[in-house]
Amino acid sequence: MDIHEYQAKELLKRFGVNVPRGGIAYSPEQAVYRAQELSGDKCVVKAQIHSGARGKAGGVRVCSSDEEIADAASWMLGRKLVTHQTGPQGKLVGRLYVEEATDIRQEIYLGFVMDRTEERVVVVASAQGGMEIEDISANEPDSIIRSVVDPAVGMQAFQAREIAFQLGLDPSLIAQASKTITGAYKMMDQLDASMLEINPLVVTGSGEIVALDCKVSFDDNALFRHPEISELRDKSQEDARETYAGDRGLNYIGLEGEIGCIVNGAGLAMATLDMIKMAGGEPANFLDVGGGASPERVLMSFKAVLNDPNVEAVLVNIFAGINRCDWIAEGVVRAVQELDLKLPLVVRLSGTNVEEGRKILAESDLNITTAETLAEAAEKVVSAWRMAEAKNGRAA
Ligand code: GDP
Ligand code: MN
């Protein structure tokens with residue numbers, strides 16, 4: 001789960017990291033009012049969306065008059081801001097953050113990620129901040145500092161100081177930088193974040209270290225331990241298809257293609273996506289029904305998949321261990337009947353109670369194509385989808 005910049009900064013503050021003062025606004029009038037509460041003759045109006053690179057898309061504006069604030073706010077609010085991270089559909093700006101302007105002397109990159117190879121949190125830092133980490137690694141690869149944190153002891157003061165020194169910071173800034181690095185690490189660790197990025201972390205004209213932007217992602221599987229973090233969820237920023245499925249306890253990832261996939265297990269799901277691609281099709285999603293799926297759960301999975309208007313054919317691929325093919329088949333039959341499914345449907349069942357499952361499908365007299373192997377299933381669903389496309393007058 002992602003949260004907004006202002007929420008991330010509020011959390012950072014609790015962990016002792018300096019952030020600029022600011023307030024949230026839902027209208028241009030409120031934005032002007034918020035700015036009056038802050039000190040200084042300049043302020044920054046920032047669109048709150050779950051995406052980086054807002055600056056380049058017009059979502060970050062430094063303003064020096066009420067008029068400019070109101071203009072920036074009216075331009076941003078209600079707009080679908082398109083950054084190169086949002087995809088072409090953009091993300092809706094529903095709220096703004098109005099902050100006191102910061103006098104920037106230097107922009108630093110500071111990120112914390114879970115490194116799957118190291119199985120540890122890795123700190124990534126660069127004195128060439130402001131641009132995205134991908135650009136830093138392309139343009140200034142030598143500026144990147146990496147430091148692995150030992151989970152048994154956490155981020156140690158000497159380790160944080162070492163990173164600060166490697167960043168080439170003035171000795172007078174080392175203590176503050178070290179406090180920032182340890183504070184951010186504690187936040188990541190204690191709140192079960194999977195990623196935390198402060199970009200830019202700035203050195204101000206008056207020699208202070210301030211987090212000017214912050215992105216955090218939380219591990220969904222740990223959210224139950226942090227109800228106050230779950231409260232920060234903003235569904236307007238999420239893929240509506242994923243929200244629908246997630247609310248029903250289904251593991252779903254929305255993709256761009258036309259073939260809906262109902263599968264059990266993440267590994268089989270990945271293999272299924274590969275096979276569809278190899279057969280010349282494009283998957284619309286990745287839906288994992290999990291283990292021991294009841295007919296109701298299968299029906300719900302169909303609803304989640306058909307909720308996506310791009311879906312033109314559906315593939316069910318189950319390798320039943322804990323699952324039971326007869327339950328899956330029952331769910332498939334109910335879905336076709338209750339949802340009046342007209343799209344081509346291919347089902348491949350294998351494993352526990354497979355004979356019973358196939359019998360249920362065969363006796364249903366419904367228009368369901370069956371397959372024995374995954375390769376055959378992928379071929380069949382792609383050719384059924386091609387035929388449907390041709391019938392609809394679209395060239396596949
Ligand atoms: P992002 O584009 O979504 O990553 O948004 P950021 O919050 O990182 O802002 C983008 C850029 O705007 C920063 O790298 C800064 O260069 C600039 N910026 C943001 N806040 C301020 C500010 O208070 N003063 C000044 N002068 N520039 C700012
Ligand atoms: Mn940024």
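First listed ligand is number 1; within each ligand, the first listed atom is number 1. Numbers here simply count residues along the sequence, with the first being 1.
Less than 4.0 angstrom separates atom 21 (C) of ligand 1 from at least one non-hydrogen atom of the protein. Distance check for atom 13 (C) of ligand 1: a protein heavy atom is found below 4.0 Å.
Remark: ligand 1 atoms within the under-4.0 Å shell around heavy atoms of A53 are 1 (P), 2 (O), 3 (O), 4 (O). Near A101, meaning under 4.0 Å from any of its heavy atoms, are these atoms of ligand 1: 23 (O). Near N199, meaning under 4.0 Å from any of its heavy atoms, are these atoms of ligand 1: 8 (O). Set against the non-hydrogen atoms of G52, the atoms of ligand 1 under 4.0 Å away are 3 (O).
Closest approach between the Mn ion (ligand 2) and any N/O/S atom of D213 involves OD2.
Each of I3, D2, L196 was checked for a side chain to side chain contact (heavy atoms under 4.5 Å, CB included) with F218, and the lone residue meeting it is I3. The side-chain hydrogen bond (donor to acceptor under 3.5 Å, both in side chains) test with Y6 singles out one residue from Q48, R95, K46, and that residue is R95.
Here the protein heavy atom with the shortest distance to atom 2 (O) of ligand 1 is G55 N, 2.8 Å. Here the heavy atom of the protein found nearest to atom 28 (C) of ligand 1 is I104 CD1, 3.8 Å. Ranking the protein heavy atoms by distance from atom 8 (O) of ligand 1 puts D213 OD2, 3.0 Å first. At the shortest separation from atom 3 (O) of ligand 1 among protein heavy atoms lies R54 NE, 2.7 Å. In terms of protein heavy-atom proximity, atom 11 (C) of ligand 1 is nearest to V60 CG1, 4.8 Å. Residue, atom and distance of the protein heavy atom nearest to atom 24 (N) of ligand 1 are T102 O, 3.1 Å. Nearest non-hydrogen protein atom to atom 7 (O) of ligand 1 is K46 NZ, 2.6 Å.
F165 does not carry R161 over the face of its six-membered ring by the limits of under 6.0 Å from the centre and within 45° of the normal.
Other residues, nucleotides and ligands contribute over 12 non-hydrogen atoms within 6.0 Å of the CD atom of Q36. Open room surrounds CD on E256; 12 or fewer heavy atoms of other groups in view lie less than 6.0 Å from it.
Salt-bridge check for E356 with R324: failed, with every basic side-chain N at 4.0 Å or more from each acidic carboxylate O. A salt bridge links E372 to R358: one of the charged nitrogens lies within less than 4.0 Å of a carboxylate oxygen. Contact check on E99 versus R34 returns no salt bridge, with no Lys/Arg side-chain nitrogen under 4.0 Å from an Asp/Glu carboxylate oxygen. Between K359 and D326, no side-chain nitrogen of the basic residue sits less than 4.0 Å from a carboxylate oxygen of the acidic one, so the salt-bridge criterion is not met.
No side-chain donor from either of E5 and H50 sits under 3.5 Å from a side-chain acceptor of the other. T86 and S51 share no donor-acceptor pair across their side chains, judged by distance under 3.5 Å alone.
Within the 4.0 Å heavy-atom criterion, the part of E107 lying near ligand 1 is the side chain and not the backbone. At a 4.0 Å heavy-atom cut-off, ligand 1 does not touch K42 at all.
Considering both main-chain and side-chain atoms, E5 never comes within under 3.5 Å of ligand 1 through any nitrogen or oxygen pair.
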